[in-house]
Amino acid sequence: MSNTYVLLQFGSDPFAFRFEDLEGRPAFTVYQNPSVVKVTREAEWSQQHPDIMGPASAFLYFGPANARGYMQISMSNHLRQKREKQLVQCSSRYFTTRTGKELKWKVSPQRMECVDGRSTVAAWELSQPEDVFSARLVLKHSALTYVTELLTTLILNRMALALNWDA
């Protein structure tokens, strides 16, 4: 992916972790306060990228026992799944940005890719055992216009896997 940005994830809990860029600047922070998860885009990173648009944070409200809850709109709208089961444990989940652009996450436990039509705009992958970080996220420049929405749906997909929402 040309014109890309790399964010390193520190922490493996899908409800509490952080992303930093390669210079060590905090980019996103995710933390849980009983039934609410807050995703915050950090100003120090945002100020480095003037093309960033959209909200600076998202709040995820969960139901009993971490059941799906809501954001500003239903979480289920951000995890739309079209049934296309494959031999490998991988599925696709779709979401629509605030500007109406539909994107697709190709979801698996080890790697996730977000595609916009034919091109990959983001790829998240678990790290190797020798790495000091938990995962790596590579963003294409075009994803900066909806980066908080993209990160929020990545987090929802990770939570869905951890909580077995599809079962």
Side-chain angles (χ1 to χ4, degrees), residues 1-9 14-21 25-32 36-63 66-84 90-126 135-163 165-166:
M1 293 192 299
S2 62
N3 293 331
T4 59
Y5 306 94
V6 176
L7 299 179
L8 303 177
Q9 177 183 319
F15 293 84
F17 62 93
R18 72 185 193 283
F19 279 107
E20 294 179 0
D21 66 13
R25 286 186 290 261
F28 284 87
T29 304
V30 179
Y31 62 91
Q32 185 173 23
V36 178
V37 172
K38 184 176 182 184
V39 180
T40 304
R41 186 179 68 225
E42 302 295 343
E44 187 176 351
W45 181 73
S46 297
Q47 292 167 355
Q48 304 297 315
H49 308 287
D51 292 336
I52 289 179
M53 298 173 64
S57 60
F59 293 89
L60 311 175
Y61 300 90
F62 290 87
N66 284 332
R68 287 186 200 200
Y70 63 95
M71 300 186 308
Q72 293 174 336
I73 57 175
S74 170
M75 281 186 204
S76 59
N77 289 337
H78 284 79
L79 292 176
R80 292 190 317 272
Q81 188 171 22
K82 297 177 184 177
R83 298 289 174 200
E84 51 181 65
C90 181
S91 62
S92 296
R93 294 195 179 98
Y94 298 79
F95 73 98
T96 305
T97 66
R98 294 178 333 126
T99 59
K101 177 177 274 204
E102 185 176 76
L103 297 157
K104 175 172 82 170
W105 276 107
K106 296 177 185 178
V107 179
S108 73
Q110 303 295 316
R111 179 177 171 80
M112 297 188 203
E113 289 184 4
C114 185
V115 295
D116 168 12
R118 296 184 196 155
S119 65
T120 300
V121 295
W124 174 89
E125 190 166 25
L126 286 176
R136 176 190 324 262
L137 176 65
V138 179
L139 299 166
K140 193 172 178 182
H141 183 79
S142 63
L144 293 182
T145 59
Y146 46 84
V147 68
T148 303
E149 295 165 278
L150 187 140
L151 256 290
T152 302
T153 55
L154 167 65
I155 293 162
L156 284 171
N157 282 312
R158 292 194 57 233
M159 290 174 178
L161 288 172
L163 297 171
W165 281 347
D166 292 333

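Please read all numbers here as calculations on a predicted model, not as lab measurements.
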**Q** For a 4.5 angstrom cut-off between non-hydrogen side-chain atoms, does Phe28 reach Glu20?
**A** no

**Q** Show your reasoning for whether ring pair (Phe, Tyr, Trp, His ring centres under 6.0 Å) applies to Phe17 and Phe15.
**A** CA-CA 7 Å; Phe17 62 93; Phe15 293 84; 9.6 Å; no

**Q** Of all heavy-atom pairs between Trp124 and Pro109, which one has the smallest distance, and what is that distance?
**A** CZ3-O, 3.9 Å

**Q** Is there side-chain contact between Met159 and Leu60, with at least one heavy-atom pair below 4.5 Å?
**A** yes

**Q** Could you walk me through whether Tyr5 and Leu144 satisfy the side-chain contact (heavy atoms from CB on, under 4.5 Å) test, starting with their C-alpha distance in whole Å, then the side-chain angles of each, then the deciding distance to 0.1 Å, before giving a yes or no?
**A** CA-CA 9 Å; Tyr5 306 94; Leu144 293 182; 3.6 Å; yes

**Q** With no hydrogens and no angle check, do the side chains of Ser92 and Trp105 hold a donor and an acceptor under 3.5 Å apart?
**A** no

**Q** In the structure I gave you, are the side-chain heavy atoms of Met112 and Asn157 within less than 4.5 Å of one another anywhere?
**A** yes

**Q** Please report the closest heavy-atom contact between Leu137 and Ala122, naming both atoms and the distance.
**A** CD1-CB, 4.3 Å

**Q** Looking just at side-chain N and O atoms, do Arg41 and Thr148 make a donor-acceptor pair shorter than 3.5 Å?
**A** yes

**Q** Taking only residues two or more places apart in sequence or in another chain, which ones pass side chain to side chain donor-acceptor pair (under 3.5 Å) with Thr99?
**A** Thr97

**Q** Measure the shortest side-chain to side-chain distance between Thr120 and Cys114 over non-hydrogen atoms and say whether it is less than 4.5 angstrom.
**A** no

**Q** If you apply the rule side-chain contact (heavy atoms from CB on, under 4.5 Å), what do you find for Tyr31 with Val39, and how did you get there?
**A** CA-CA 7 Å; Tyr31 62 91; Val39 180; over 6 Å; no

**Q** Can you tell me how far the CZ atom of Phe62 sits from the CG atom of Leu163, to the nearest 0.5 Å?
**A** 7.0 Å

**Q** Is there side-chain contact between Asp51 and His141, with heavy atoms separated by less than 4.5 Å?
**A** yes

**Q** Return the CD to CD distance between Gln9 and Glu125, rounded to the nearest 0.5 Å.
**A** 12.0 Å

**Q** Just how far is it from atom CG of Leu156 to atom CG of Leu161, taken to the nearest 0.5 Å?
**A** 11.0 Å

**Q** For the residue pair Val6 and Arg136, establish whether any side-chain heavy-atom pair is separated by less than 4.5 Å.
**A** yes

**Q** Would you check if Val121 and Leu150 make a side-chain contact, meaning some heavy-atom pair closer than 4.5 Å?
**A** yes

**Q** Given salt bridge (charged side-chain N to carboxylate O under 4.0 Å, His left out), test Glu102 with Lys104 step by step and report yes or no.
**A** CA-CA 7 Å; Glu102 185 176 76; Lys104 175 172 82 170; over 6 Å; no

**Q** Scan residues 112-124 for pairs that pass salt bridge (Lys or Arg N to Asp or Glu O under 4.0 Å), counting only residues two or more places apart or in two chains.
**A** Lys101-Asp116, Arg111-Glu113

**Q** Counting C-beta onward and ignoring hydrogens, is there a side-chain heavy-atom pair between Pro26 and Arg18 closer than 4.5 Å?
**A** no

**Q** Locate the shortest heavy-atom distance separating Pro14 from Arg158; write the atom from each residue and the value.
**A** CA-NH1, 3.6 Å

**Q** Could you measure the distance from the CG atom of Leu7 to the CG atom of Leu139? Nearest 0.5 Å is fine.
**A** 5.0 Å

**Q** Mind listing the closest non-hydrogen atom pair of Thr152 and Ala58 along with its distance?
**A** OG1-CB, 3.5 Å

**Q** When Trp45 is tested against each of Gln48, Glu42, His49 for side-chain hydrogen bond (donor to acceptor under 3.5 Å, both in side chains), which residue passes?
**A** His49

